[in-house]
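Everything on this sheet refers to the single structure shown next.
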Amino acid sequence: MAINIPTTLLKVDKILTKQNLYTPATYRQVVPATNPQYDPVSGTYLTDNGTIDHSFNVVLLDIDYNSLEDNMYNVTAQLIVLPQNITFEPDMDQVYVIKGSDWHVSSIKSSPLDSLWEITVGRK
């Protein structure tokens, strides 16, 4: 008997919502300018970068204080994100705002069949 991953994820999402286990998070994506203009006075290109704010829900599994992971972060956290809660591809150079603090992505893992994202974030 095969597991219907999309149906199961919808059920899990409903349970997490009902139990109030989600933590809201945001990610601000910078969109590069499509037509940068050269400024001959400064010798640089004037860019009209835009941003897209992504709001999504995470499940905060564990927060580790004084972790000093790779001598970079004093605090690390493990997150789980269901695919239906995220509208962008997680990447290592991203910064998420969770509970008013900036968290830098330090590792990303996608579970089989893209059923969920396991993300480790850290902050100083």
Side-chain angles (χ1 to χ4, degrees):
M1 180 174 186
I3 297 174
N4 185 335
I5 299 291
T7 302
T8 303
L9 288 175
L10 288 174
K11 290 177 183 177
V12 169
D13 182 52
K14 287 180 183 178
I15 291 169
L16 291 170
T17 301
K18 188 175 184 179
Q19 297 294 322
N20 201 26
L21 295 174
Y22 277 132
T23 300
T26 58
Y27 162 60
R28 176 165 283 173
Q29 178 182 5
V30 176
V31 180
T34 54
N35 295 318
Q37 305 253 328
Y38 181 71
D39 181 4
V41 174
S42 67
T44 61
Y45 284 91
L46 301 174
T47 58
D48 186 17
N49 291 342
T51 59
I52 300 172
D53 289 337
H54 298 277
S55 295
F56 57 106
N57 288 321
V58 302
V59 177
L60 219 77
L61 294 180
D62 184 33
I63 296 178
D64 185 16
Y65 295 92
N66 299 318
S67 63
L68 294 176
E69 179 184 306
D70 298 328
N71 293 326
M72 291 190 64
Y73 303 115
N74 291 328
V75 183
T76 57
Q78 304 296 320
L79 310 175
I80 297 291
V81 182
L82 298 178
Q84 66 261 35
N85 288 331
I86 197 165
T87 58
F88 59 93
E89 185 83 16
D91 197 0
M92 294 294 290
D93 65 347
Q94 295 173 344
V95 177
Y96 303 153
V97 177
I98 303 169
K99 294 184 177 181
S101 297
D102 289 348
W103 293 83
H104 299 262
V105 175
S106 69
S107 73
I108 302 168
K109 187 169 114 179
S110 179
S111 291
L113 301 173
D114 296 329
S115 58
L116 59 92
W117 292 98
E118 299 174 40
I119 302 172
T120 302
V121 292
R123 64 183 169 93
K124 301 259 181 209

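Worth saying up front: this structure is predicted, and the values here are computed from it rather than measured.
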Looking only at heavy atoms, which two atoms of V121 and W103 are closest? And how far apart? CG2-CE3, 3.5 Å
Nearest heavy-atom contact between K99 and T23 is CE-CG2, 4.0 Å
Could you point out which residue of I98, I108, V59 forms a side-chain contact (heavy atoms from CB on, under 4.5 Å) with L79? I98
Report the relative orientation of the aromatic rings in F88 and H54; use parallel for angles under 30°, tilted for 30 to 60°, perpendicular for over 60°. tilted
side-chain contact (heavy atoms from CB on, under 4.5 Å) partner of V58, the single match among I86, I80, L21, V81: V81
Answer whether the closest heavy-atom distance between the side chains of D13 and L9 falls below 4.5 Å. no
With a 3.5 Å distance limit and no angle check, can you tell me whether Q29 reaches the backbone of Q94 through a side-chain donor-acceptor pair? no
Carefully, step by step, assess T87 and F56 under the rule side chain to side chain contact (heavy atoms under 4.5 Å, CB included). CA-CA 8 Å; T87 58; F56 57 106; over 6 Å; no
Once side-chain contact (heavy atoms from CB on, under 4.5 Å) is applied, do any residues pair with V30, and if so which ones, sequence neighbours excluded? N49, T51
On a heavy-atom basis, the closest approach of S111 and E118 is OG-OE2, 2.9 Å
Side chains of I63 and V75: does their closest heavy-atom pair fall under 4.5 Å? yes
Separation of N4 CG from K11 NZ (nearest 0.5 Å): 8.5 Å
Taking side chain as C-beta onward, heavy atoms only, is T26 less than 4.5 Å from D53? no
Do D91 and Y27 have side-chain heavy atoms sitting under 4.5 Å apart? no
Verify, without hydrogens or angle tests, whether T120 (side chain) and S106 (backbone) share a donor-acceptor contact under 3.5 angstrom. no
Does V97 share a hydrophobic cluster with Y22, counting links as ILVMFWY side-chain heavy atoms below 4.5 Å and allowing steps through other members? no
Less than 4.5 Å apart, side chain to side chain, heavy atoms only: is that true for L16 and N57? no
